[in-house]
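Per chain, numbering begins at 1; letters A, B, ... match sequence-line order.
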Number of protein chains: 2
Amino acid sequence: MGTKQQITERISGLLRESKLSVTETRTKILELFMKSNGALEHSDFEKLAGQSFDRVTVYRTLQTFLDKGIIHKIPTTDTSVRYALCKSECSEHHHHDHHIHFKCEECGNTICLDETDVPQIQLPKGYAAHNVEVVVSGVCKSCK
Amino acid sequence: MGTKQQITERISGLLRESKLSVTETRTKILELFMKSNGALEHSDFEKLAGQSFDRVTVYRTLQTFLDKGIIHKIPTTDTSVRYALCKSECSEHHHHDHHIHFKCEECGNTICLDETDVPQIQLPKGYAAHNVEVVVSGVCKSCK
DNA sequence: TTTATTTTGCAACAATGTTGCAAAATTATG
DNA sequence: CATAATTTTGCAACATTGTTGCAAAATAAA
């Protein structure tokens with residue numbers, strides 16, 4: 001993962017590429033994403049290392065990251081919203097989230113399985129598919 | 001779909017099978033599910049034909065139906081929760097929702113595609129799959 | 001360093017979901 | 001069919017989650 005220094009520089013670069021000011025809140029939130037390899041939800045951000053950020057700021061920051069293609073949402077069956085970092089192929093105008101998500105029933109973590117292909121779905125006649133979301137639930141590697 | 005009378009009887013039977021009292025609220029909500037072939041969200045129920053039901057009653061009714069395996073939830077990327085009727089194979093203890101969902105970007109409707117197979121997903125080693133949720137978004141038959 | 005722009009935090013609000021409890025409706029029993 | 005036991009409903013009050021406007025603070029540009 002690199003040193004703290006390297007990560008901070010990588011984050012600054014990422015923000016500048018997206019034409020966003022490099023601020024403390026944004027840096028901390030991106031750090032958290034990089035540290036955790038799973039998906040995060042809103043509440044994970046408020047109790048952030050040491051200091052606490054305003055709820056409103058967190059909402060706006062996540063929305064900004066979504067708009068710029070830095071993060072993406074993962075579908076859930078409850079009212080929570082989960083976010084994960086996008087891979088480099090994503091950009092503001094072209095989203096490319098073609099990977100599946102795995103939710104562990106034991107630890108509750110949701111992770112992106114980047115190497116697993118999204119299957120081709122044979123839809124009935126008359127339907128046009130633009131995007132396919134797959135969420136598999138079960139037991140993950142670590143909980144087995 | 002049968003006459004109004006037949007539908008009412010079918011609903012009563014369904015409720016009694018699940019050991020639930022046959023009440024007006026429950027009947028109306030199940031009628032709405034049967035009339036609409038798509039998935040419904042909470043707000044669809046409150047403005048229900050003629051009369052309006054208490055929000056709390058609707059929440060509790062939907063939760064009860066979920067518990068009994070009469071309806072199931074459909075994953076979304078926002079905070080809304082969508083519900084659809086289960087097929088007959090579902091029961092209180094064994095859920096069998098192996099069908100995919102289609103969300104139309106034009107009309108906003110979500111429907112269950114019962115005939116379309118859920119694909120086999122090849123997970124990385126160490127992962128055990130219990131359930132696979134697939135939501136395809138695009139343009140539906142009617143909106144094309 | 002100063003100015004212009006962007007971001008943050010607060011307050012206030014809106015929407016959504018939950019809990020306890022008494023009244024009403026439904027079901028079970030004699 | 002009438003009454004008792006049980007379940008469900010609706011209200012009030014509250015908790016949680018998400019949104020908007022605006023002035024102060026932080027960041028970027030000159």
In whole angstrom, give the distance that lies between atom [atom1] of [X] and atom [atom2] of [N].
X: B/Leu15; N: D/dT6; atom1: CG; atom2: P; answer: 21 Å
X: B/Arg26; N: D/dT7; atom1: CZ; atom2: P; answer: 11 Å
X: A/Asp54; N: D/dT19; atom1: CG; atom2: C1'; answer: 12 Å
X: A/Leu62; N: D/dG18; atom1: CG; atom2: P; answer: 10 Å

Gap separating the [atom1] atom of [X] from the [atom2] atom of [Y], nearest 0.5 angstrom:
X: B/Phe33; Y: B/Leu14; atom1: CZ; atom2: CG; answer: 11.5 Å
X: B/Leu20; Y: B/Leu15; atom1: CG; atom2: CG; answer: 6.0 Å
X: A/His42; Y: A/Arg55; atom1: NE2; atom2: CZ; answer: 6.5 Å

message = Donor-acceptor check, side chain of A/Gln6 to backbone of A/Thr3, threshold 3.5 angstrom: yes or no?
response = yes

message = Between A/Arg26 and A/Ser21 (side chain of the first, backbone of the second, donor and acceptor by atom type, cut-off under 3.5 Å), is there such a pair?
response = yes

request  = Would you grab the first and last nucleotide of DNA chain C (5' to 3') that comes under 4.0 Å of any non-hydrogen atom in chain B?
outcome  = C/dT16 to C/dT27

request  = Dump the intermediate steps for side chain to side chain contact (heavy atoms under 4.5 Å, CB included) on A/Cys107 and A/Cys140, then the final yes or no.
outcome  = CA-CA 8 Å; A/Cys107 60; A/Cys140 79; 4.1 Å; yes

ask   = Toward the 5' end of DNA chain D, which comes first, B/Val56 or B/Lys19, by nearest nucleotide?
value = B/Lys19

task = Start with the C-alpha distance between A/Leu30 and A/Leu85, add both sets of side-chain angles, then the distance that settles side chain to side chain contact (heavy atoms under 4.5 Å, CB included), and finish with yes or no.
result = CA-CA 8 Å; A/Leu30 284 177; A/Leu85 270 186; 4.1 Å; yes

inquiry  = On DNA chain C, compare the nucleotides closest to A/Arg55 and B/Thr79; which residue's is nearer the 5' end?
reply    = A/Arg55

ask   = Considering the options A/Lys103, A/Arg82, A/Lys73, which one meets the salt bridge (Lys or Arg N to Asp or Glu O under 4.0 Å) requirement together with A/Glu41?
value = A/Arg82

request  = Check whether any side-chain heavy atom of B/Ile121 sits under 4.5 Å from a side-chain heavy atom of A/Phe102, and report yes or no.
outcome  = no

ask   = Which of parallel (below 30°), tilted (30 to 60°) and perpendicular (above 60°) describes B/His101 and B/His72?
value = tilted

query = Do B/Glu31 and B/Lys4 meet the salt-bridge criterion of a basic N to acidic O distance under 4.0 Å?
reply = yes

Check the interface with nucleotides 25-30 of chain D: list each N/O to N/O pair with the protein under 3.5 Å, or write none.
from: D/dA28; atom 1: OP1; to: A/Val22; atom 2: N; distance (Å): 2.8

task = Take the C1' atoms of the five end pairs on each side of the helix from C/dT1-D/dA30 to C/dG30-D/dC1, derive the two axes, and give their angle rounded to 10 degrees.
result = 40°

